[in-house]
Every structure is written in structure tokens, then in C-alpha cells.
Amino acid sequence: MKTARLITLTTDFGIRDSYISCMIGQIRQINPSAEIIHTSNLVGRQNILEGAFTLRNTLPFYPPATIHLVVVDPDVGGDRDAIAVFHHGQFFVAPDNGILTLALDTTEPEQMVSIQNPAYLSREISPVFHGRDVFSPAAAWLSAGVPMNLLGPGRTTMTDLRWSLPVYDKNRIIGQIIHIDHFGNAISNISRSFLENWAAGQPVQVSLSGWDPLPVSRTYSDVEPGDAVALIGSGGYLEVAVFHANAAGLFDIRPGSQIVVEKVQE
Amino acid sequence: MKTARLITLTTDFGIRDSYISCMIGQIRQINPSAEIIHTSNLVGRQNILEGAFTLRNTLPFYPPATIHLVVVDPDVGGDRDAIAVFHHGQFFVAPDNGILTLALDTTEPEQMVSIQNPAYLSREISPVFHGRDVFSPAAAWLSAGVPMNLLGPGRTTMTDLRWSLPVYDKNRIIGQIIHIDHFGNAISNISRSFLENWAAGQPVQVSLSGWDPLPVSRTYSDVEPGDAVALIGSGGYLEVAVFHANAAGLFDIRPGSQIVVEKVQE
Amino acid sequence: MKTARLITLTTDFGIRDSYISCMIGQIRQINPSAEIIHTSNLVGRQNILEGAFTLRNTLPFYPPATIHLVVVDPDVGGDRDAIAVFHHGQFFVAPDNGILTLALDTTEPEQMVSIQNPAYLSREISPVFHGRDVFSPAAAWLSAGVPMNLLGPGRTTMTDLRWSLPVYDKNRIIGQIIHIDHFGNAISNISRSFLENWAAGQPVQVSLSGWDPLPVSRTYSDVEPGDAVALIGSGGYLEVAVFHANAAGLFDIRPGSQIVVEKVQE
């Protein structure tokens, strides 16, 4: 192949130790022209769902045939499987713990194998660091053009893991906060399309515990600095922020906090 | 073009979420050979002046035709303009909020356009993430060789933002701390050239509130571990440090703290 | 040369300021095809031994002729030497403060020079940032194929710095914790090979102050979430962890804490 495929990296390994550098070294020894892009190595420790959310937000912006190496792997060395997946033009290499379902929106991808062929793994495999000794080599060989089916036997269904969907009736939606970002903005599990279908053009207001109800604004600066604002975030979900400040810190919002949308009585 | 231009990235988007990865993906979809260097994605949130300072310190070390993508953008989606700039052989893509003036040392760069041509932006533009949907595509197209004037109509003057200059008379300079670095070193707004012109060869001493006056030393290890030292930092500004320790933490120095230079009476 | 050599970067400069970006810019101005991999720029400030440990863990995973640029340099601008080293097929550029001995396991590498030739340094050298003005240019020129002996005169012995070895008799080993990683796992100075030679097949148990003795397990998930576990970490040293939690935080373990291994009386 002419152009080496990109490899994106989403992990909870942190950026202080040598873990990520070991993974990159492994990859580069196998494929010297592989190019690695760090999606995030600061996914919350052992937080599979946060890794899944990070991957999901990144996916739409990558070119076809990108390889997404996704390792949040609390059960490393146990009996969870290691999988390589091809779906909608992209490759994924990950533990089979549900970290891919949110991004792929299915548990039955177009093609999937169990990574088992020792020819494509490290000669010595640490039972506590498959990120380095199993997943990195597998991703590197894929990036070098090795067909996925050489990595191991085929599989059909992978582990499912998703956040709970919002509950709703005709008057209100009860959702929850799923992620607090770097700015302290609180992102919910209520997607724009779900919200728009439900509201059917009627104006709505958004409440978190202890906040005055807010209209859905267009951007942060629609309100004054220090004021709260609800809007559709860049990932397509309803989020709540405070302009020029940290909403989650100010109002003690956490993943799991309840968020309510109601139709405004006109 | 043969060699893709480098793109440096200076933002306050943090490194925990997928924001930076989305920007890189956007860039790489447009120009697969673009190479991105992270200057800092940990500029203080909404801190335009800190972003400007980071850019200014980086600029002298980059080759001609580098593209500097600089996004600290609290008013995203509001009415501030998006600009692309060419000045002294380098390109800049940024919100027009003053983040470039410190680095360029002018508000009237050699060439400037307002980024408006939808052909060079994302098809769908989130009003809360122009970093991904406006600035990244514009930088990517520039790196692919698109002439700047295709991005939008020309402009002449950009927003000005600088820190206050030191005040002085013939006996002393009163400056202020503008940045605390990773080591806790406190960097002032008093430049080496300003200081040397003012002192005209006479010895000087440096004081912060609550410190004994210090001579200007050459390097940290000119004093004993645990002792305070004043010197010209690597960015060319007078700074105060504690050898082997964190000066800002120990002495509660912050951006805005006063620093005084006096001529020593001989 | 056809393929530019990789340059890995291990420093305590942090990732918030422009320091690392200045180093990369310097390198790229000298060798536009140099490729930089960040091992860690978050080595503890002035912590030479932690930098050495990070480098040591990374080394086995890099291809021959990689250049390791290692700058934890509290005495910058003082009289410590700057060295370039070739050993076991890899290059190293670092201050001569002992940061290389742990990785090279010798103080007399195959080839070493004192970096002094001004032709391969910055024209202007800040006495407080040799990382940018001395070490980066030297590494860049090496990556561009400049023979090491052009950088300066040869040397034979470099500064030694290692952690204390464990003490032991036939009943027990007393070691110490040398590193707390991103997960809060506590890594000791007791290597797998040392432990296995000493135990000679007999079962052992591991104790930290205030813990019940633990067997040596294979991986984290050999115990229940919340339980402590001792195992051989991915770098080849005995480590103690808590499954799904932060061992160092929970039990106040720090670098220097004592760890004891005893033979189990059967």
C-alpha cells in the first residue's frame, strides 16, 4: 500500500509514565511508517463508557481505513477476548468489553475476529499490559496491510455497553449527564435529533437540580458571562454550561446527574 | 507542493476530551500529509493573553511558512470575526480577539482575510466549535497550498490585546508577573532589552513583595537549592525562580503580582 | 540517509508552556524530516531518577538507531557536561547527571562525546534552557546523519545514578517503592529475575506496611475489585496494586516506602 493508515489512540494509560511510548515503539518497530494520533490517553481510569464516548465523538472526522486502537482494559489478562473489527470503512482494535458499541451503534459489525494468532503478537506477552503486547502489534500489522482474518478466527457478536436512554412522556424528558468536559460543560444523553423529534417545533426549557429553567440557546455567548446556558454541544447532545466559567464545578454536576426538558406552556 | 507545511496548534481545549482529535481529523481529511505539532492545548480556559504569550514564545523557532492555528475562543458563535493572516513569512489562523497581536507586534499584518468562503469550511458548522469546523479546515486548506485570498475578503486591522507595559522612572521599574510556568517560575513583562537599556550598565536589584532584593543572576544554579534567584528567562523576560523549588507556590505569586527593579546605590 | 531516525523525548518541562514546542521547532528547522515521539514530558520536576526510569522502560521497544533526547536538567547553565552517547545500537543526548545509567546499565558506554562544537548548537544559547539550545540541536544533527564525533571531544565515563538495590537474606527481601504510576500502582526496585532467583521455586508473600501479606498473582483481575494484589508489572518489577482502584492513594504509599518479600513457611 502507498499511504500508511492512520492509527488513533484512545486509552486510560495517562501521559506521565512510559506506557504510551511503549505502545508507539511497538507499532513503529512493526510498521515504521505508521502514524499515531492521540485521541485521548486521559480517559478516566477503567472508565469504559467514557472511552466509548470519546471514540464516538472522534469517529466522524477520520478518513476511511483509519485504525482506531482503543484500550480501556480493566480486566486485562483475564478471560475477556481481544478483537479486531471492520465496520463502515473503519478498523477497530480493542478489548471485547463493550467499548466499541457506542461508536458503532451495533454489536454485530460487518467483520470481526478474535485476536489470537501469535505471529502477530509480541513474542513475550505481559498479562498486565495487552495494550503494548497484543493490541498495538495487531493494529500495527493491520496498518501494514495484513488482512484482518489472519489475526484470528471470526466472531459475530461483541459485548454491548451503552448508557441508559432518556425516559420521556409527552410533557417531559428525563435524561442524565454522561460527561463533564475540560471546560466543566455538562453533556447529557439527550441527542439533538431525539430532542427535535420530541419537541416537534414547540419551545422547550431545560432544568438541572437547583437551576432556573433555561431555554435552548445557540451558543455560549448568547448569555452574559457567569450565566448558565443550555445548547446543543459540538458532539450533537444537549449540554449545559456557564459562559466563561465551569458549570460542573459551580453547581456540583456529575455524570449521572439528572437533566429535565419540558415543553413551555404558551 | 512538495513539502506539506507544518501546522502548530495552540488552544485551551484540554487533552482529556476528543476536541483536539476532531480538529486533527478534520485537517487530515483535507490534507493527508499535514503534520500537526502541539504547542499547548492547556492554555488557561478562555485566557486569550496566555495563548498569545505561548504563541509569541514559540514563533521564533519555526521554519518559514509554518501555519499557526491558535484557538482560544470564548466568544465562539458570536460576532467576532475569524481571520487568516500572513506576516513575516508565517501564517496564522485564529479568532479576531487579539490573540495574535503579542506575537506579531502589530495590528496591521502584511496580509489578512476574513475567513468566510464556505467552500473551505465544514459543510455543517457547530456554533460552539469553530476550532473544528472553521479554523481547522481553513488551516488545512492553507497547508495544502490554497492561496489565502480565496478564504474570504481582505481586511487591514485586527483586534489589539497586550499586557500593560512596565512603568518606570530613572530610579526604578515597576512591572508585573504575566505568567507562572510549569516549574512555578514567575515571568514578568520586563524584557531583557528594556532592562538593559534602562540600566545602562549599572547593577540592579529585583524585588517582589516580601522578598529580599535579588541581583540578576545568570542561571538557576547560581544560588543554593531553596534560594530565590532573578534572571533573564529563555523567552527573554525577567523572571523570578527558586532553585529546585516552586517559587509561585512558595511565595503566592500570581499573574498580576508586582515586580520592582531598582538601581543599586554604589 | 533514507529514513530519518526517530527522536524520543523524555523531559520534566510539562505540557502547558511552550518549552516542548520550542524544542520541536529547533529540531525541525535543522532536520525537517525528523519525527518526534513524546515518551513523557511530565517527569517529576528535577526528578532525574524518575526520568531515568521512564527511559529505561521505553528503551526495549524502539528500533535501532533511535535517538533518545532526555532532559531533566536542574543544574542547567552550571558546570555539568552535555553528552551524546551511542550504546547497544541506540543514541542518547542528555545532561551528564546520571539520567542515562539506569537505562544503559553501565557508566562506560560504547561511544560518548562531550557536546561542545558550536557549529551544532544554537547561535544564541540561553543559560536556562539547554534543552532548546544545546540538546535539541545536537539530537537534530544526529538524526540528520552527522557523525557523533563531530559534536565534541570523546569521553569515557559518565555520572552514575541508580536507586538503592534491595537488601536480602535467605528469609526475606527488603525493597522499596520507586515509582507510583498513573493508576496509583506502586512499582518496587525488586526485579522479576532477582525475585525468581532468590525464591528458587518456593512460594513467597509480599507485604507493605499495614497490608496483609499477599501472594504474587498473575494479573489485576486475579482478585476482586477493591482488593490488593501483588504481581510482576509490565516493566519487569514487582508491583502492588488495588484492582479497579488507586493503591498508592488508598494506602499512602510513596516512592521510598518499604516493601518486604518473605518465603511462605509450608
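Each chain gets a letter, A, B and so on, in the order its sequence line appears, and its residues count up from 1.
- One finds no salt bridge joining B/Arg56 and B/Asp105 here, because no Lys/Arg side-chain nitrogen approaches an Asp/Glu carboxylate oxygen to under 4.0 Å.
- No part of B/Leu59 comes within reach of chain C, as not one of its non-hydrogen atoms sits under 4.5 angstrom from that chain.
- For a residue to count as touching a neighbouring chain, one of its non-hydrogen atoms must lie under 4.5 Å from one of that chain's; by this rule C/Leu42 touches chain B with the side chain only.
- Neither the backbone nor the side chain of C/Asp79 comes within less than 4.5 Å of any heavy atom in chain B.
- For residues 10-33 of chain C, every residue pair satisfying the ring pair (Phe, Tyr, Trp, His ring centres under 6.0 Å) rule, not counting sequence neighbours, is listed here: C/Phe13-C/Phe129, C/Tyr19-C/Phe129.
- At a 4.5 Å heavy-atom cutoff, B/Leu9 makes no contact with chain C through either its backbone or its side chain.
- The part of B/Pro60 that comes within reach of chain C is its backbone (N, CA, C, O), which places non-hydrogen atoms under 4.5 angstrom from that chain.
- Only the backbone of B/His38 has a heavy atom closer than 4.5 Å to any heavy atom of chain C.
- Interface check for chain B: of the options C/Ile27, C/Asp133, C/Ile20, C/Val76, the most heavy-atom pairs under 4.5 Å are formed by C/Val76.
- Contact annotation for C/Ile24: both backbone and side-chain heavy atoms come within less than 4.5 Å of a heavy atom of chain B.
- With salt bridges taken as basic N to acidic carboxylate O contacts below 4.0 Å, none links B/Asp181 and C/Arg16.
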Point to revise | B/Phe243/B/Tyr220 under ring pair (Phe, Tyr, Trp, His ring centres under 6.0 Å): CA gap, chis, key distance, verdict | key: CA-CA 5 Å; B/Phe243 186 38; B/Tyr220 305 114; 7.3 Å; no
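- Checking side-chain atoms of B/Asn57 against main-chain N and O of C/Ser21 turns up no donor-acceptor pair under 3.5 Å.
- Without hydrogens or angle criteria, C/Asn189 side chain to C/Gln176 main chain gives a donor-acceptor distance under 3.5 Å.
- Only the side chain of B/Ile15 comes within contact range of chain C, with heavy atoms under 4.5 Å apart.
- Across B/Ser234, B/Ser40, B/Ala241, the residue that shares the most heavy-atom pairs under 4.5 angstrom with chain C is B/Ser234.
- A salt bridge links B/Glu35 to C/Arg28: at least one charged side-chain nitrogen sits closer than 4.0 Å to a carboxylate oxygen.
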